[in-house]
Number of protein chains: 2
Amino acid sequence: MNLDITLSSLQDKGHRITKVRKEVVKIFSENTTPLSANQVEEKMLQVCLSVNKATIYRELQFLLANGYLVEVYLRPNEVSYESSELKHHHHLVCSTCGAIDNVTNCLASELEDDVFKKRGFRIKQHTLEFYGTCAECARKTT
Amino acid sequence: MNLDITLSSLQDKGHRITKVRKEVVKIFSENTTPLSANQVEEKMLQVCLSVNKATIYRELQFLLANGYLVEVYLRPNEVSYESSELKHHHHLVCSTCGAIDNVTNCLASELEDDVFKKRGFRIKQHTLEFYGTCAECARKTT
DNA sequence: ATATTAATGCAAATTATATGCATCTAATTA
DNA sequence: TAATTAGATGCATATAATTTGCATTAATAT
């Protein structure tokens with residue numbers, strides 16, 4: 001997402017632009033792969049911002065509720081987030097090292113009409129996750 | 001999964017066939033949609049088997065480690081399981097009522113070769129999740 | 001029937017996440 | 001620019017999912 005546009009549209013809605021909020025939005029505007037609360041905390045520490053975990057959770061919920069982030073479930077007991085403005089894509093999750101890469105190819109939407117006709121299920125969103133071994137891990141093992 | 005075959009193959013590997021194990025395997029052999037630990041507990045209570053939560057978690061881990069179950073992540077902070085022997089399929093997750101249905105159409109595997117050629121990422125598994133509104137919930141709202 | 005060891009229950013520990021409340025601070029106003 | 005005010009934050013605590021240590025129980029082989 002665009003840093004300045006996001007911040008000013010939040011401000012227009014009456015929300016405050018704080019040090020924490022600015023940095024979290026910045027992080028997601030610079031990262032295209034999903035980040036967990038812990039990873040966001042780490043990134044903030046890297047720029048010497050020590051922020052309470054509760055605050056980070058609250059800020060993620062806030063940006064989620066306001067439509068700037070979406071939740072991603074790639075692993076047990078860990079929710080990640082990514083910008084909702086990213087082009088539709090799927091994830092390549094390396095089950096060895098955890099690295100995540102994005103792919104933008106998508107055939108899945110072709111299924112949507114079919115599913116609605118046959119089952120009356122109106123698809124609003126879908127996620128396609130790939131699990132496997134990334135090139136780097138394959139090299140290390142072989 | 002097949003109840004008898006699963007149990008006897010577990011026994012062949014030197015594992016015991018206990019009341020709990022038998023019932024958990026039975027539950028997953030009769031259910032094609034993903035179940036969380038809590039849902040497994042409920043199903044056991046329905047047949048008057050009151051089993052400690054730790055035991056249920058251990059049994060799920062056990063069946064996962066032995067390849068009879070796979071993990072499914074459909075919602076924040078909740079891991080579900082389903083039989084690993086089910087035909088490849090995807091889930092229709094109703095975001096209103098939580099109902100889960102399976103679809104067996106799948107175009108995703110067509111992407112696999114392409115991804116390997118372009119990125120060296122060897123896909124071992126993929127999951128395709130659909131979020132939306134099921135026919136029943138649509139009827140109630142409209 | 002008995003011995004052996006896996007499975008179980010219970011309590012306590014862990015980890016992710018949420019919440020109450022007092023304090024602080026960004027944005028507004030005088 | 002200082003005073004005002006509600007939103008944001010930190011801290012401690014709560015909650016929920018899951019794991020683990022340990023003593024006890026029970027499935028299976030002998």
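So you know, we letter chains A, B, ... as the sequences are listed, proteins then strands, and number each from 1.
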For this session: Please evaluate the base of D:dG7 for a donor-acceptor partner in the side chain of A:Arg58 within a cut-off of under 3.5 Å?
Result: no

Exercise. When the nearest nucleotide of DNA chain D is assigned to B:Gln11 and to A:Asn77 on a heavy-atom basis, which residue is associated with the more 5' position?
Worked result: A:Asn77

Exercise. Can A:Arg21 be said to sit on top of A:Phe62's aromatic six-ring, NZ or CZ under 6.0 Å from centre and within 45° of the ring axis?
Worked result: yes

Exercise. Between B:Tyr81 and B:Phe28, is a side-chain contact (heavy atoms from CB on, under 4.5 Å) present by the stated rule, with each step listed?
Worked result: CA-CA 9 Å; B:Tyr81 299 85; B:Phe28 282 102; 3.8 Å; yes

For this session: Is it possible for you to say whether B:Val79 and B:Leu86 belong to one hydrophobic cluster, with membership spreading through side-chain heavy-atom contacts below 4.5 Å?
Result: no

For this session: Report the distance from atom NZ of A:Lys13 to atom P of C:dA26, rounded to the nearest whole Å.
Result: 21 Å

Exercise. Closer than 4.0 Å, any side-chain N/O of A:Gln61 to the OP1 or OP2 of C:dA18?
Worked result: yes

For this session: Can you figure out which of D:dA8, C:dT17, D:dT18 approaches the side chain of A:Ala37 most closely?
Result: C:dT17

Problem set entry | A:Leu45 side chain reached by A:Ser50 side chain, heavy atoms, under 4.5 Å | yes

For this session: Let me know the distance between CG of A:Leu63 and P of D:dA8, rounded to the nearest Å.
Result: 10 Å

Exercise. What integer distance in Å separates B:Glu42:CD from D:dA17:P?
Worked result: 11 Å

Exercise. Would you say A:Tyr57 reaches C:dT17's phosphate, i.e. side-chain N/O to OP1/OP2 under 4.0 Å?
Worked result: yes

Exercise. To the nearest Å, how far apart are A:Glu41 CD and D:dT9 C1'?
Worked result: 14 Å

Exercise. In whole angstrom, what separates A:Arg16's CZ from D:dT9's P?
Worked result: 10 Å

Seminar exercise, completed: Ranking D:dA8, D:dT18, C:dA7 by distance to the side chain of A:Thr18, first place goes to D:dA8

For this session: Take A:Ala54 and B:Asn52, find for each the nucleotide of DNA chain C with the closest heavy atom, and name the residue whose nucleotide sits nearer the 5' end.
Result: B:Asn52

Seminar exercise, completed: In short, A:Ser84 meets A:Val70 closest at the heavy-atom pair CB-CG1, 3.7 Å

For this session: Take atom NZ of B:Lys19 and atom P of D:dA26, then tell me their distance rounded to the nearest Å.
Result: 8 Å

Problem set entry | Distance in angstrom units between A:Glu78 CD and D:dA17 C1', rounded | 14 Å

Seminar exercise, completed: Between CG of A:Leu49 and P of D:dA8 the distance, given in whole Å, is 17 Å

Exercise. Which listed nucleotide (C:dT17, C:dG9, D:dT18) is nearest to the side chain of B:Thr55?
Worked result: C:dG9

Exercise. Taking for each residue the nucleotide of DNA chain D bearing the nearest heavy atom, is the 5' side occupied by B:Lys53 or by A:Val51?
Worked result: A:Val51

Exercise. Which listed nucleotide (D:dT9, D:dA17, C:dA27) is nearest to the side chain of A:Glu59?
Worked result: D:dT9

